[in-house]
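Each remark here refers to the structure printed beneath this line.
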There are 2 protein chains.
Amino acid sequence: MIDRFIQICKEANLNITPQRIVIYKELLNHHEHPDAETIYRRVKEQFPTISLATIYKTLDTFVKIGLLSPFRSGAGTTRYDTNIEHHHHLVCIHCDKVIDISHDALANLPIESLPLEDFQVINHQVEIKGVCGDCQKKSKQTMKSQTTN
Amino acid sequence: MIDRFIQICKEANLNITPQRIVIYKELLNHHEHPDAETIYRRVKEQFPTISLATIYKTLDTFVKIGLLSPFRSGAGTTRYDTNIEHHHHLVCIHCDKVIDISHDALANLPIESLPLEDFQVINHQVEIKGVCGDCQKKSKQTMKSQTTN
DNA sequence: GTAGATGCAAAATGTTTGCTCTAAT
DNA sequence: ATTAGAGCAAACATTTTGCATCTAC
């Protein structure tokens, strides 16, 4: 687990620092596509002297060595996905939650048969927008309280 | 053309101001998913007293009445798409160019048959990442000049 | 005349950078 | 001992906000 991380760092000629370890562990434990600020808040509890700049630099480093993939959320922050396999996203338009989904029907799109002219394809990702279960419950509750008031 | 715009504004109870007209015309004339800054630079040529804040507020307004759809580019700005029909994107990883594509094979994904549990789907969009024709040409030129030097 | 829009400047975000000091190797 | 990395503060880029002024209706 953490051994794999140390392995990857060594291969990339990166020093193994306590900051990098604590950030990596945090990423392993939570899979809800956090942004830098969120990671900072959480990591600070175990490592109070860590700085936000270190979080940004470390996330950047992790992206470069292929440990994370970044994406832009609708809310305007860069978020980080520990899942670097080919997968797709369910994005909640209310709470901005992102749920990973892997499915052959999305993986095997007939991209080659599209009229893309001179565009050279590397990969594709499907983003499915909608409302997550939690937000559906919340909006039902709101509607209920609105009609009873 | 501009009549349709006036129509939509009236329906939404929006005043028709010269600023809104010039921004809308700019959006009609260029379809390459500009960000606020780009629109500002262009619009300022015809309307030098316009402010960037007005651009932001106007784009926001246009999104709210369904005239534009916003999306976040990898480069970190919000970009605006005048194409509000169901369509998909080719994104160049080098120059961040975004090319629209519409195709049945992408429109008719079997979303309903996916195991989404309690996620309520609204729509989906496919993002195809790769290298655009222009950037392919540029990198070939660079490689050529590197080998001859 | 009045509500709503503009333009300015200031503030708020999110992120990056330069530099000194510290720690991993 | 050397070099990479951490932490701080300052800079930067993008976007939002408050408010006084102006303008479409």
Side-chain angles (χ1 to χ4, degrees), chain A residues 2 5-26 33-65 67-68 70-80 96, chain B residues 2 5-24 26 33-65 67-80 96:
Chain A
I2 205 73
F5 172 69
I6 290 171
Q7 178 69 27
I8 291 169
C9 283
K10 283 188 177 160
E11 279 167 20
N13 281 313
L14 292 180
N15 287 355
I16 293 144
T17 66
Q19 288 89 340
R20 283 180 180 157
I21 291 173
V22 75
I23 293 169
Y24 182 72
K25 279 190 180 166
E26 176 56 41
H33 313 81
D35 59 12
E37 187 64 41
T38 305
I39 295 165
Y40 177 57
R41 274 200 315 276
R42 295 218 192 107
V43 162
K44 235 169 90 145
E45 287 170 26
Q46 307 151 58
F47 202 120
T49 58
I50 206 165
S51 80
L52 185 53
T54 298
I55 305 286
Y56 274 106
K57 286 172 184 167
T58 303
L59 291 172
D60 231 58
T61 304
F62 286 179
V63 169
K64 283 200 183 102
I65 63 172
L67 224 46
L68 293 175
F71 65 93
R72 294 255 158 203
S73 83
T77 58
T78 302
R79 292 170 58 176
Y80 296 87
D96 218 40
Chain B
I2 206 73
F5 173 69
I6 290 171
Q7 179 70 24
I8 291 169
C9 283
K10 282 188 176 159
E11 279 166 20
N13 282 314
L14 292 180
N15 287 354
I16 292 143
T17 66
Q19 288 89 338
R20 283 178 179 160
I21 291 172
V22 76
I23 292 169
Y24 182 73
E26 176 57 39
H33 313 81
D35 60 11
E37 186 66 41
T38 306
I39 296 165
Y40 177 56
R41 274 201 314 276
R42 294 218 192 106
V43 161
K44 236 170 91 145
E45 286 170 27
Q46 308 150 57
F47 202 119
T49 59
I50 206 164
S51 78
L52 186 54
T54 298
I55 305 285
Y56 274 105
K57 286 171 185 166
T58 303
L59 291 173
D60 229 59
T61 306
F62 286 179
V63 168
K64 284 202 182 100
I65 64 174
L67 222 46
L68 293 176
S69 61
F71 65 94
R72 294 255 158 201
S73 84
T77 58
T78 303
R79 292 171 56 176
Y80 296 88
D96 218 42

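Each chain gets a letter, A, B and so on, in the order its sequence line appears, and its residues count up from 1.
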With a 4.5 Å heavy-atom cut-off, do B:R20 and B:N15 have their side chains touching?
yes
On DNA chain C, which is the earliest and which the latest nucleotide, 5' to 3', with an atom closer than 4.0 Å to a heavy atom of chain A?
C:dG14 to C:dT25
By side chain to side chain donor-acceptor pair (under 3.5 Å), A:Q7 pairs with (sequence neighbours left out) A:E11
Side-chain contact, heavy-atom cut-off 4.5 Å: B:E26 with B:Q46?
yes
Short side-chain N/O contact from B:T78 to OP1 or OP2 of D:dT14, under 4.0 Å
no
May I ask you to test the B:T49-B:F47 pair for a side-chain heavy-atom distance under 4.5 Å?
yes
Counting only non-hydrogen atoms, which of residues 8-15 of chain B are less than 4.0 Å from DNA chain C?
B:L14, B:N15
What distance separates B:I65 CD1 from B:I8 CD1, expressed to the nearest 0.5 Å?
6.5 Å
Per the under-4.0 Å heavy-atom filter, residues of residues 51-65 of chain A near DNA chain D come out as A:S51, A:A53, A:T54, A:K57
Drop me the distance from B:T54's OG1 to B:L59's CG, to the nearest 0.5 angstrom.
10.5 Å
For the CD1 atom of B:I50 and the OG1 atom of B:T17, what is their distance to the nearest 0.5 Å?
8.0 Å
Starting at CZ of A:R42, measure out to CD1 of A:I23 and round the result to the nearest 0.5 Å.
13.0 Å
Could you check which residues of residues 35-47 of chain B get a heavy atom under 4.0 Å from DNA chain C? Sort them by number, please.
B:F47
What I'd like to find out is whether the side chain of A:I16 reaches to under 4.5 Å of the side chain of A:K10, using heavy atoms alone.
yes
In this structure, CZ of A:F71 is separated from OG1 of A:T77 (nearest 0.5 Å) by 8.5 Å
Do A:E37 and A:I55 have side-chain heavy atoms sitting under 4.5 Å apart?
no
Under 4.0 Å from OP1 or OP2 of D:dG7: is there any side-chain N or O of A:Q19 that close?
yes
I need the A:K44 NZ to A:L52 CG distance, nearest 0.5 Å.
9.0 Å
ring-ring contact (aromatic ring centres under 6.0 Å, His included) against A:F5, all qualifying residues, sequence neighbours excluded
A:Y24, A:F62
